[in-house]
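What's counted below: heavy atoms across the whole structure, side chains too, no hydrogens, waters or symmetry copies. Atoms within each ligand, like the ligands themselves, are counted from 1 in listed order.
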Amino acid sequence: MTEKDFIPQQFSKNIEKGEVTWQSPSNIALVKYWGKKENQIPANPSVSFTLNNCKTTTSLEFQKKSEKTETFDFELYFEGKKKEDFKPKIQQFFERIEKYCPFLKDYYFKIYTENSFPHSSGIASSASGMSALALCVMSLEKELGSNQVDNEDFFYKKASFLARLGSGSACRSLEGELIEWGEHKNIPDSSDLFGIKYPFEIDKVFKTFQDTILLVDKGQKQVSSSVGHNLMHGHPFAKNRFAQAHSNLDKLKEVFASGNLEEFIAIVESEALTLHAMMMSSNPYFILIKPNTLEIINKIWEFREATKIPVCFTLDAGANVHVLYPEAHKAKVLEFIKNELVAYCEKGQYICDVVGKGAEKVVPAQ
Ligand code: PMV
């Protein structure tokens with residue numbers, strides 16, 4: 001598929017007003033996306049677990065204008081309050097997707113959004129937020145009788161395609177369990193344009209994998225991920241890093257199929273540390289992990305060595321640590337987290353999550 005396939009040709013219905021609500025999950029990458037080309041095209045393929053509990057719920061209220069105008073008209077409410085500082089990101093999103101959703105300037109929108117996880121927890125809400133908004137826009141497109149949205153598969157592909165234009169990793173936040181994004185020669189139907197459900201065998205251990213997110217630093221990151229992605233241009237290790245991501249996806253095929261946790265851990269932890277190594281070796285260089293991030297990593301390694309429980313960590317673009325482990329070891333790992341890791345979390349806060357089934361349309365109560 002190409003970008004052109006996402007430009008609708010005709011709409012058969014006129015819709016005056018309405019409202020639609022979607023709830024979208026966050027995701028955590030196992031093979032990391034870090035580095036992008038023009039138009040949010042990833043420099044390398046990635047794969048992520050869809051999470052179940054960290055979610056954004058977004059409602060889109062729409063009212064047709066008496067005449068189409070030259071501007072996008074919307075109000076944005078976050079947790080019930082008007083939020084002006086989120087507006088530029090949405091404005092940019094609408095600008096990027098207008099070509100594929102030519103009806104946006106026909107409507108006044110009210111966007112109501114809220115997260116299931118605490119605000120300023122250091123958990124990025126851009127993936128779940130952009131995915132939920134993209135799904136709302138797609139539901140409107142469907143109501144308008146777009147000639148294209150005749151099947152569910154296309155609906156999700158285009159929603160993922162739109163979400164990607166809002167925030168790259170958001171395109172992996174629609175469907176469940178394991179999502180791959182980015183062209184890979186050995187993954188059929190993989191695309192730089194949207195995420196796909198991981199197409200190969202997945203052992204049952206991964207379907208209920210646990211992710212406990214330790215909130216090490218709840219503050220605003222000093223370097224945004226868009227700045228970080230851009231620093232991969234001309235990065236001395238970029239070429240090898242991108243090749244490594246391709247190769248790790250190849251290796252994960254056997255791992256996902258067999259449930260080989262030793263190999264899973266080796267790949268996932270290496271990916272997390274490589275992501276941060278790229279930050280530390282870019283120009284200018286920067287560090288997002290904190291002393292407590294390292295304390296936690298060392299404690300996890302000691303615990304794994306002592307107990308042989310297959311628990312590991314991953315990191316996103318921040319100091320928080322995602323502790324990953326099979327459901328079968330939940331009680332023991334949670335006890336370890338409470339006894340030994342919570343001390344390194346800001347205000348002792350952590351969030352328990354698990355692999356989930358993906359976004360859901362919220363049907364209004366009657
Ligand atoms: O979607 P962005 O542009 O915020 O980038 C996210 C990048 C990482 O979270 C660090 C890795 C990933 O693949 O999710």
Side-chain angles (χ1 to χ4, degrees), residues 24-51 54 56 86 89 92-93 96 115 121-134 160-174 178-184 190 192-196 198 211 213 216-217 220-233 235 238 241-242 244-246 248-249 252 267-280 282 286-289 293 313-322 324 353 355:
S24 269
S26 189
N27 71 76
I28 181 68
L30 304 170
V31 171
K32 307 290 180 182
Y33 145 60
W34 197 244
K36 62 179 166 188
K37 308 176 198 165
E38 283 278 287
N39 295 329
Q40 306 275 98
I41 296 298
N44 66 262
S46 56
V47 68
S48 54
F49 277 142
T50 305
L51 298 178
C54 289
T56 298
F86 284 6
K89 187 104 189 152
Q92 183 191 50
F93 175 59
R96 287 182 182 168
N115 296 331
S121 56
I123 297 185
S125 58
S126 59
S128 50
M130 285 299 170
S131 146
L133 185 56
S160 172
F161 171 86
L162 299 178
R164 186 195 99 244
L165 292 170
S167 169
S169 59
C171 78
R172 296 188 315 238
S173 264
L174 292 90
L178 261 185
I179 302 293
E180 193 277 344
W181 166 42
E183 228 173 284
H184 187 290
S190 60
D192 286 344
L193 301 179
F194 45 80
I196 59 166
Y198 188 71
D211 178 6
I213 309 162
V216 170
D217 182 20
Q220 193 84 31
K221 301 186 278 205
Q222 302 100 315
V223 182
S224 73
S225 54
S226 34
V227 170
H229 286 295
N230 281 332
L231 291 174
M232 289 304 282
H233 291 291
H235 190 293
R241 159 60 198 150
F242 301 147
Q244 179 197 41
H246 282 265
N248 279 342
L249 272 155
L252 278 173
I267 295 168
V268 167
E269 291 191 343
S270 162
E271 276 287 325
L273 294 179
T274 301
L275 168 69
H276 285 262
M278 291 301 112
M279 300 174 191
M280 292 182 209
S282 60
F286 59 105
I287 300 180
L288 294 184
I289 53 175
T293 312
F313 71 87
T314 189
L315 306 165
D316 56 18
N320 295 339
V321 181
H322 290 246
L324 302 176
D353 216 326
V355 168

Under 3.5 Å between some N or O of ligand 1 and some N or O of Ser225?
yes

Which atoms from ligand 1 have a heavy atom of Ala29 less than 4.0 Å away?
12 (C), 13 (O), 14 (O)

Pair up each side-chain donor or acceptor in residues 41-48 with any protein partner under 3.5 Å, not counting sequence neighbours, and list the distances.
unit_1, atom_1, unit_2, atom_2, d
Asn44, ND2, Lys32, O, 3.0
Ser46, OG, Arg172, NH1, 2.8
Ser48, OG, Arg172, NE, 2.8

Output all residues satisfying side-chain contact (heavy atoms from CB on, under 4.5 Å) with Val268, sequence neighbours left out; order by chain, then residue number.
Leu30, Phe264, Cys312, Thr314, Leu324

For ligand 1, which is the ligand I care about here, please tell me if Asn27 has any N or O atom under 3.5 Å from one of the ligand's N or O atoms.
no

Give the numbers and elements of all ligand 1 atoms closer than 4.0 Å to a heavy atom of Ala317.
10 (C)

Mind checking whether Ser169 has an N or O less than 3.5 Å away from an N or O of ligand 1?
yes

What about Ser167: any of its N or O atoms under 3.5 Å from an N or O on ligand 1?
yes

Would you say ligand 1 has an N or O under 3.5 Å from any N or O of Arg172?
yes

Is there a polar contact, in the sense of an N or O pair closer than 3.5 Å, between His229 and ligand 1?
yes

Are the side chain of Arg241 and the backbone N or O of Thr274 linked by a donor-acceptor pair below 3.5 Å?
no

Taking His246's backbone N and O only, do any of them form a donor-acceptor pair with His184's side chain (distance below 3.5 Å, no angle check)?
yes

Asp217 (side chain) donor-acceptor with Ala319 (main chain) under 3.5 angstrom:
no

With no hydrogens and no angle check, is any side-chain donor or acceptor of Ser225 less than 3.5 Å from a backbone partner on Gly228?
no

Numbered atoms and elements of ligand 1 in range of Gly168, under 4.0 angstrom, heavy atoms:
1 (O)

Taking the cut-offs as 6.0 angstrom to the six-membered ring centre and 45 degrees off its axis, would you call Arg164 and Phe161 a cation-pi pair?
yes

